[in-house]
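Take a look at the structure below.
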Amino acid sequence: KQEVTQIPAALSVPEGENLVLNCSFTDSAIYNLQWFRQDPGKGLTSLLLIQSSQREQTSGRLNASLDKSSGRSTLYIAASQPGDSATYLCAVSSLYGNKLVFGAGTILRVKS
Amino acid sequence: DVKVTQSSRYLVKRTGEKVFLECVQDMDHENMFWYRQDPGLGLRLIYFSYDVKMKEKGDIPEGYSVSREKKERFSLILESASTNQTSMYLCASSLGLRGQHTEAFFGQGTRLTVV
C-alpha cells in the first residue's frame, strides 16, 4: 500500500529565505506526483505536476524535483514571501490504481 | 482555467438527514473524486468515477453513496448523516484514461457540520 510522508510537518522562516519541502513515497510505481497548496478553510490549488518520466518542473519561484527510484520529491521555494504561508501537500498517483495518495502536508509560515 | 465548483461552502445538517453535496466541473474531465479531510487524518478518498454512471469505492465509502448521471456533475450523498461525518469535503476532477490521473483540480471545499 502506497504511503506518502512529508517532512517537516511545520516550518517557520523569515521572509526572503529559500526553503525546501520534502515528500517521500514507498512504492516507486507511480504515474505522476503533484504538489498542492491549501490555504486555511479552502480547497487545494495545484502548483506543479511531475510525470514519472520527468526529473523536475518549474513555475515561477517554485521548482519541484522527482527521484522515482529513491521515492523522493522536493519542492523548492525561492525568496519566500508572507503570501507563501499555507499548507503544502504532495500526492502520488499510482501506476496501477485510480487514486491520489496524499501526504499529511507541511504547514509553512513565512514571517515578515 | 479548469473550474471545479462545489455547491456549498458551509452546510449544517441534523443527524439522520439525507445530505447531497454537488460538484460540477467545466473541462470535460472523465475522472471525478470525492475526498474528506480531517485534522490528523489528512485527505481520504471516499468514491471516484471515471465515466458517466460508473463509480468505484475509495478507502472510506461506508455511509456514503455517489451519483454521476452527467459527465460534468458528481454528487456525494450521505444517506443518514451522523456526527462523525462532520468534515471538510473536497471534490476533484482530472482528465485521463480510466482512473489514470493527469493533473487533478479541486473545488473550494464544503465544510459540513452534522448536529
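Below, chain A is the first sequence line, B the second, and so on; all start at residue 1. Values in this document were obtained by computation on a predicted structure and should not be read as measured data.
Heavy atoms of B/Gln37 lying under 4.5 Å from chain A belong exclusively to its side chain. Using a 4.5 Å cut-off between heavy atoms, B/Arg44 makes no contact with chain A at all. If you measure heavy-atom distances from A/Leu48 to chain B, you find no contacts under 4.5 Å at all.
Here the straight-line distance linking atom CZ of B/Phe105 with atom OG1 of A/Thr45 works out to 10.5 Å at 0.5 Å rounding.
Residues B/Met88 and A/Gly41 approach most closely at CE-O, 3.5 Å, considering heavy atoms. Between A/Ser46 and B/Ala104, the shortest heavy-atom contact is CB-O, 4.0 Å.
Criterion: ILVMFWY side-chain heavy atoms under 4.5 Å apart, direct or through other members. Under it, B/Phe48 and B/Tyr64 are not part of a common hydrophobic cluster. Using a 4.5 Å cut-off between side-chain heavy atoms of Ile, Leu, Val, Met, Phe, Trp and Tyr, with links allowed through other members, B/Tyr35 and B/Tyr89 fall into different hydrophobic clusters. Both B/Leu11 and B/Ile46 are members of a single hydrophobic cluster when ILVMFWY side chains are connected at heavy-atom separations under 4.5 Å. Residues A/Leu11 and A/Leu47 share a single hydrophobic cluster, defined by chaining ILVMFWY side chains whose heavy atoms lie under 4.5 Å apart. A single hydrophobic cluster is not seen to contain both B/Val114 and B/Leu41; linkage of ILVMFWY side chains at heavy-atom distances under 4.5 Å, directly or through other members, places them apart.
By the 6.0 Å contact criterion, CZ on A/Arg109 is open, its count of non-hydrogen atoms from other residues, nucleotides or ligands being 12 or less. Summarising the local packing, NZ of B/Lys71 is surrounded by more than 12 heavy atoms from other residues, nucleotides or ligands at distances under 6.0 Å.
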(request) Mind running side chain to side chain contact (heavy atoms under 4.5 Å, CB included) on B/Arg9 and A/Lys42 for me, showing each step along the way? (result) CA-CA 9 Å; B/Arg9 286 293 311 278; A/Lys42 302 287 182 63; 3.8 Å; yes

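Residues A/Leu100 and B/Leu43 have side chains not in contact (no heavy-atom distance under 4.5 Å, counting atoms from C-beta outward). Counting only heavy atoms from C-beta outward, the side chains of B/Leu90 and A/Gln38 approach each other to under 4.5 Å.
Taking chain A as the reference chain and counting heavy-atom pairs below 4.5 Å, the highest number among B/Gln6, B/Arg111, B/Gln108 is found for B/Gln108.
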